[in-house]
Amino acid sequence: MQTNNNKIFLRGRLAAPPSLSHVNHGVEYMLLPLSVCRLSGAEDTLHVVASREQLSALPPLDAGSPLTVSGEVRTFNNRSGVGSRLVVSVFAKTLSQEEGEDENHLELSGTLCKPPVLRSTPLGRTICDMILAANRRYGRADYLPCIAWGSLAYRCGAMEVGDRLALEGRLQSRVYTKEIDGQIQERTAFEVSIMSLADENSSINQNA
C-alpha cells in the first residue's frame, strides 16, 4: 500500500493546559488544545497529541504558552457515543516554543473515497465537501473531511471516487449545534480547508 504525503506545521498558543489523552502500549499521550489565528482574525482550536516524554523536553506549558508543532493529521472513529464520531487530531513529531506569527500549513495527498458533494451556502457561495483517504504505514489510513470554495469547488465536484489528489491547505475547526434527545448541544467539527489542489492531469488554485 502506497504511503501518502501528510505533513502539517502549526504555530500558535495553548488554549488550555495539557491533559491526559490516552495511554497506548504503556506510553502516556497528552492532549494540547492549540489556538491558531487565521489572517481574517478568526481562531481555530486544534487538538494536538504528543507523548509525555516529548513534553518533558520543554519548559512547563500552560494556557497561553507559545507552541510550534510539526507532525501528521490523524483520524479515528469515536465509539463511545459522546461527541463527534470522527475525531481529527494532529499527531506531533516535533515540538518547540519558537516565537513568530501564527501558522497553519498542511500538505496532504490521498485518494477520494466518497463522491464529492457540491452545494451552496445560504449566502449563495458554492462549496464542495470531500473525504480523502490518506494511507500511512502498517496498512492503516486516515479519512479526512475536506472542503473547497468558489471556483475550486466546481473542479472538485467533477471528480470521482478513486481519483488521486494532492493538496495544500489548513486544518480548521468549526463550531455547530446539534439536537440530541430534544436538547441543543454545541459541538466542534474539524476539516481541511483546501487552498490549492492537483490531480494527475491538472491543478487549480483557490484564488483563481
Side-chain angles (χ1 to χ4, degrees), residues 1-10 36-47 72-79 83-91 102-136 140-180 184-208:
M1 182 175 66
Q2 180 179 358
T3 302
N4 296 124
N5 189 32
N6 184 340
K7 298 178 182 178
I8 189 167
F9 180 87
L10 301 171
V36 184
C37 287
R38 305 183 195 176
L39 292 177
S40 65
E43 289 189 356
D44 295 299
T45 300
L46 308 173
H47 292 168
E72 299 179 350
V73 181
R74 299 281 180 86
T75 64
F76 73 92
N77 283 321
N78 178 11
R79 304 187 188 279
S84 300
R85 182 177 179 184
L86 183 69
V87 178
V88 182
S89 58
V90 175
F91 182 79
D102 285 14
E103 291 191 44
N104 184 345
H105 182 255
L106 172 63
E107 296 179 11
L108 183 68
S109 64
T111 303
L112 193 65
C113 62
K114 288 186 178 181
V117 177
L118 194 65
R119 57 190 176 90
S120 296
T121 68
L123 296 178
R125 192 175 184 190
T126 302
I127 59 178
C128 184
D129 298 304
M130 303 185 297
I131 301 292
L132 195 67
N135 294 330
R136 46 178 151 126
R140 303 192 64 179
D142 297 293
Y143 297 90
L144 296 161
C146 302
I147 186 168
W149 302 79
S151 58
L152 181 55
Y154 288 106
R155 177 67 184 89
C156 293
M159 294 179 179
E160 299 179 350
V161 172
D163 284 349
R164 293 189 53 78
L165 312 173
L167 63 87
E168 293 189 20
R170 68 171 181 262
L171 181 64
Q172 64 184 25
S173 60
R174 175 173 51 85
V175 176
Y176 67 100
T177 57
K178 185 174 183 178
E179 184 174 343
I180 305 293
I184 301 298
Q185 297 183 8
E186 188 175 273
R187 296 188 174 184
T188 302
F190 300 91
E191 60 200 5
V192 175
S193 179
I194 302 172
M195 305 307 293
S196 63
L197 179 149
D199 61 16
E200 294 180 351
N201 301 310
S202 63
S203 63
I204 187 169
N205 192 280
Q206 175 71 62
N207 296 322

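Under the side-chain hydrogen bond (donor to acceptor under 3.5 Å, both in side chains) criterion, Ser89 pairs with no residue, sequence neighbours left out. Partners of Asp129 by side-chain hydrogen bond (donor to acceptor under 3.5 Å, both in side chains), not counting sequence neighbours, listed by chain and number: Arg119. With sequence neighbours excluded, the residues that form a side chain to side chain contact (heavy atoms under 4.5 Å, CB included) with Thr121 are Leu123, Arg125, Ile127, Trp149. Listed by chain and number, the residues in a salt bridge (Lys or Arg N to Asp or Glu O under 4.0 Å) with Glu107 amount to none (sequence neighbours excluded). For Ala158, there are no side chain to side chain contact (heavy atoms under 4.5 Å, CB included) partners, not counting sequence neighbours. In this view, Tyr154 and Leu118, Thr126 satisfy the side chain to side chain contact (heavy atoms under 4.5 Å, CB included) rule, not counting sequence neighbours. Applying the side-chain hydrogen bond (donor to acceptor under 3.5 Å, both in side chains) criterion to Asp142, with sequence neighbours excluded, gives Arg136. Scored by the side chain to side chain contact (heavy atoms under 4.5 Å, CB included) test, Arg174 finds Tyr176, Ala189, Glu191 as partners (sequence neighbours excluded). Taking the ring-ring contact (aromatic ring centres under 6.0 Å, His included) definition, one finds that Phe91 meets it with nothing, sequence neighbours left out. Contacts of Glu72 classified as side-chain hydrogen bond (donor to acceptor under 3.5 Å, both in side chains), with partners at least two apart in sequence or in another chain: Arg74, Lys93.
Looking at heavy atoms from C-beta onward, Ile147 lies out of side-chain contact with Val192 at the 4.5 angstrom threshold. Contact of the Val175 side chain with the Glu186 side chain is registered, since non-hydrogen atoms from C-beta on lie closer than 4.5 Å. Under the 4.5 Å side-chain criterion, counting only non-hydrogen atoms from C-beta, Lys7 is not in contact with Val73.
Between the CG atom of Asp102 and the CG atom of Leu39 there is a distance of 10.0 Å, given to the nearest 0.5 Å. For the atom pair CG (Leu108) and CD (Glu168), the distance works out to 10.5 Å, reported to the nearest 0.5 Å. Between the CG atom of Leu144 and the CG atom of Asn6 there is a distance of 6.5 Å, given to the nearest 0.5 Å. Within the model, atoms CG of Asp163 and SG of Cys113 stand 12.0 Å from one another, a figure rounded to the nearest 0.5 Å. One finds the CZ atom of Arg155 at 11.5 Å from the CD1 atom of Ile194 (value rounded to the nearest 0.5 Å). Taken to the nearest 0.5 Å, the CG atom of Leu167 stands 6.0 Å off from the CG atom of Leu132.
A donor-acceptor contact shorter than 3.5 Å is absent between the side chain of Ser109 and the backbone of Leu165. Side-chain N or O atoms of Asn104 include none that pairs as donor or acceptor with a backbone N or O of Arg170 at under 3.5 Å. The backbone N or O of Tyr143 lies less than 3.5 Å from a partner atom in the side chain of Thr75, making a donor-acceptor pair. Put simply, the side chain of Asp44 never gets that close to the backbone of Gln172: no donor and acceptor are under 3.5 Å apart.
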Practice problem: Begin with the C-alpha distance, continue with both residues' side-chain angles, and end with the deciding distance and a verdict on side-chain contact (heavy atoms from CB on, under 4.5 Å) for Met159 and Leu197. | Solution: CA-CA 12 Å; Met159 294 179 179; Leu197 179 149; 3.2 Å; yes
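The minimum heavy-atom distance linking Ser173 with Thr188 is given by the pair CB-CG2, 3.9 Å. Glu160 approaches Leu112 most closely through the heavy-atom pair O-CD2, 3.3 Å. Nearest heavy atoms, Lys114 versus Val161: C-CG2, 3.4 Å. The two residues Gly157 and Pro116 make their nearest non-hydrogen contact at O-CG, 3.8 Å.
Enclosure of atom CD1 in Ile184 by more than 12 non-hydrogen atoms of other residues, nucleotides or ligands within 6.0 angstrom is indicated.
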